[in-house]
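One structure below.
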Amino acid sequence: MQKLVEQRIPRPPMAVIDPGAGVGAFTRAALEAWPDARIHAVDINVATLGLLAATPQITASLPNQVSLHHADFLDWTLRELPAVPGPRLIWGNPPYTRHQGLAREAKALAKKASGDLAPGGRAGLSTYFLAASLAHLDPADSLCLLLPSNWLEADYARNLRRYLWNAKERPVELHIFPHALNLFPIASVAAMVLWVGPANSTVNKLHVIRLKGELGSGFYRATSQDVRREGAPPKSFLFVTSSHSKLRQKTVPLASIAHIRRGVATGCNQFFLLTDEQVAKLPGTAYVPAATRLRDIPTDHLDETAHDTMGDQGLRRWLLWLSEQDTSDPIVHQLLEQGKLKGVPDAYLCRARNPWYAVERIPAPDLLFGPMSKGRFRLILNSVKAIPTNTFYGIRIRRAPRTVESIALLASWISGPAGQDALANASRQHGSGTLKIEPRDLADLQIPIQIAQALD
């Protein structure tokens, strides 16, 4: 990051701000890189600031070159940053606190500091730090931050991406680490480096650099891509590479050949999902095969044998599938009374249904898709016609007759290298290298035209 900044700024900064300085790795590096700059280390944790102040390198630089600020960086940007002379460089590694860990008062301050760039309520602290920093950049200022990469595509960060897309007078670079790399084991997030340079007189492209390498041996540029900032900003800053763009010319979206939808939300799996023992006395019309957890399905073909194996293990492999006529059966009536005693009708989804026990009726999908993965996305051929719960997406071929051979052909491509690569590019990055794909992005998955034609 130091080399990146030194190679790109037209002149050294007069001030360097380290937001959430911690024990001061970036503060110490700034002292060496820009000896004529005033370094501002800002952190709300007095203990880490104390450790930083005790570092011999910092002690020797106080108070002439380094200022330690015991303050919330978001509040500090409002009160003190405007008075810091520039050109200024904001650089560092903001705290990764997730939105669930932020108090209501902290979010209110964060929105105030971020102004028009304030992200949505699900943003973590690092995204608020980024928004507040961008909101207070003067034309001669620059920014280089090590951040989680989820803001590149999350809905809550649309304002930030719009700002960066429209700020064509500033050079912007995204340096994206491999998504499976656990750069910070404690934080368990995919990471990237954002560079925003000082404004200039030219129209700048957005530069996307994908990195490869390891922590021990270092990182190198694997691919780079220049993106013209024209028209409306894209919904994701994880841009499709040119090779994928060429592929799209000979493809059709999955939604054109199949219905994609989430599985059934029961409202109370403990009640609606049943074991073999529980269904033994129920009428056959009262339940259907179910698929509820990816790890419960032993193979990538859920046929009767695989489904029976789940039963042998005592797993909940049946979904209660009641109509009003079924309630006249005394065993069904007894089961519903037990549910009432346990408060099942009062569960959020159940009380919105009429009657409460009638789960949503959906056709059985041809394929079951697991939307989260740390490696390979799993696709399961659903020969037993199981109804999935909402931990799965269901894929159902539009045209009939739907033969096992045609369904298996589609499954083979999606499960193969080309399909898995396409899924990874359409997915969003979560903590610990986990990828998740949303239904609308799966619907837009580009399927080779030959596969689509075989399904006609």
Side-chain angles (χ1 to χ4, degrees), residues 1-22 24-41 86-96 126-127 129-131 133-134 136-152 160-161 163-165 167-179 181 183-184 187 189-200 202-227 229 237-239 429:
M1 290 173 66
Q2 179 181 330
K3 290 180 180 178
L4 187 155
V5 173
E6 290 176 335
Q7 292 169 1
R8 287 157 177 77
I9 54 176
R11 60 192 177 107
M14 287 185 63
V16 180
I17 296 98
D18 182 359
F26 282 86
T27 296
R28 293 193 297 272
L31 271 172
E32 296 180 1
W34 302 289
D36 296 328
R38 162 67 66 172
I39 316 299
H40 297 269
R88 304 171 299 191
L89 167 66
I90 299 177
W91 92 317
N93 175 213
Y96 283 19
S126 63
T127 307
F129 272 42
L130 172 58
S133 298
L134 291 174
H136 291 84
L137 281 190
D138 288 340
D141 295 342
S142 51
L143 172 150
C144 189
L145 294 177
L146 177 60
L147 300 161
S149 58
N150 47 15
W151 72 273
L152 294 173
L160 294 177
R161 294 195 297 272
Y163 167 85
L164 293 171
W165 185 258
K168 301 179 180 68
E169 72 283 0
R170 290 186 182 271
V172 175
E173 297 181 16
L174 313 174
H175 296 252
I176 304 173
F177 290 96
H179 77 267
L181 174 71
L183 193 62
F184 297 102
V189 292
M192 57 86 61
V193 171
L194 172 66
W195 161 252
V196 179
N200 56 44
T202 62
V203 175
N204 299 275
K205 296 178 181 178
L206 189 151
H207 200 41
V208 184
I209 300 96
R210 299 187 184 277
L211 305 172
K212 284 191 175 181
E214 300 291 340
L215 282 169
S217 57
F219 299 91
Y220 61 92
R221 176 181 305 201
T223 62
S224 61
Q225 180 183 4
D226 287 329
V227 180
R229 289 183 272 180
F237 272 16
L238 291 173
F239 295 92
Q429 298 177 6

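Along the sequence shown, residues carry numbers from 1. From a predicted model like this one, the values you see are computed outputs, not experimental measurements.
Once rounded to the nearest 0.5 Å, the distance linking NE2 of His207 with CH2 of Trp195 reads 13.5 Å. With rounding to the nearest 0.5 angstrom, the CG atom of Asn150 is 7.0 Å from the OG atom of Ser126. Here Leu89 contributes atom CG and Asp141 contributes atom CG; the two are 9.0 Å apart, rounded to the nearest 0.5 Å. With rounding to the nearest 0.5 angstrom, the CE atom of Met192 is 9.5 Å from the CG atom of Leu145. Taken to the nearest 0.5 Å, the CD atom of Gln2 stands 10.5 Å off from the CD atom of Gln7. Atom CG of Leu143 and atom CH2 of Trp91 lie 12.0 Å apart (nearest 0.5 Å).
The two atoms that bring Leu164 and Arg229 nearest to each other are O-NH1, 2.6 Å, heavy atoms only. Here the closest heavy-atom approach between residue Pro13 and residue Ala37 is recorded as O-CB, 3.3 Å. Pairing each heavy atom of Pro95 with each of Gly20, the nearest pair is CD-CA, 4.3 Å.
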- Message: Determine whether Phe219 and His175 satisfy the following criterion, side chain to side chain contact (heavy atoms under 4.5 Å, CB included), listing intermediate values before the conclusion.
- Response: CA-CA 11 Å; Phe219 299 91; His175 296 252; over 6 Å; no
- Message: Applying side chain to side chain contact (heavy atoms under 4.5 Å, CB included) to Leu194 and Trp151, what does each step give before you reach the verdict?
- Response: CA-CA 11 Å; Leu194 172 66; Trp151 72 273; 4.1 Å; yes
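Using a distance-only test at 3.5 Å, with no hydrogens or angles considered, a donor-acceptor pair links the side chain of Asn204 to the main chain of Glu169. Judged purely by atom type and a 3.5 angstrom limit, Asp18 has no side-chain atom pairing as donor or acceptor with the backbone of Gly92. Side-chain N or O atoms of Arg210 include none that pairs as donor or acceptor with a backbone N or O of Ile176 at under 3.5 Å.
Between Leu4 and Cys144, the closest side-chain pair of non-hydrogen atoms falls below 4.5 Å. Between Val193 and Leu211, the closest side-chain pair of non-hydrogen atoms is not below 4.5 Å.
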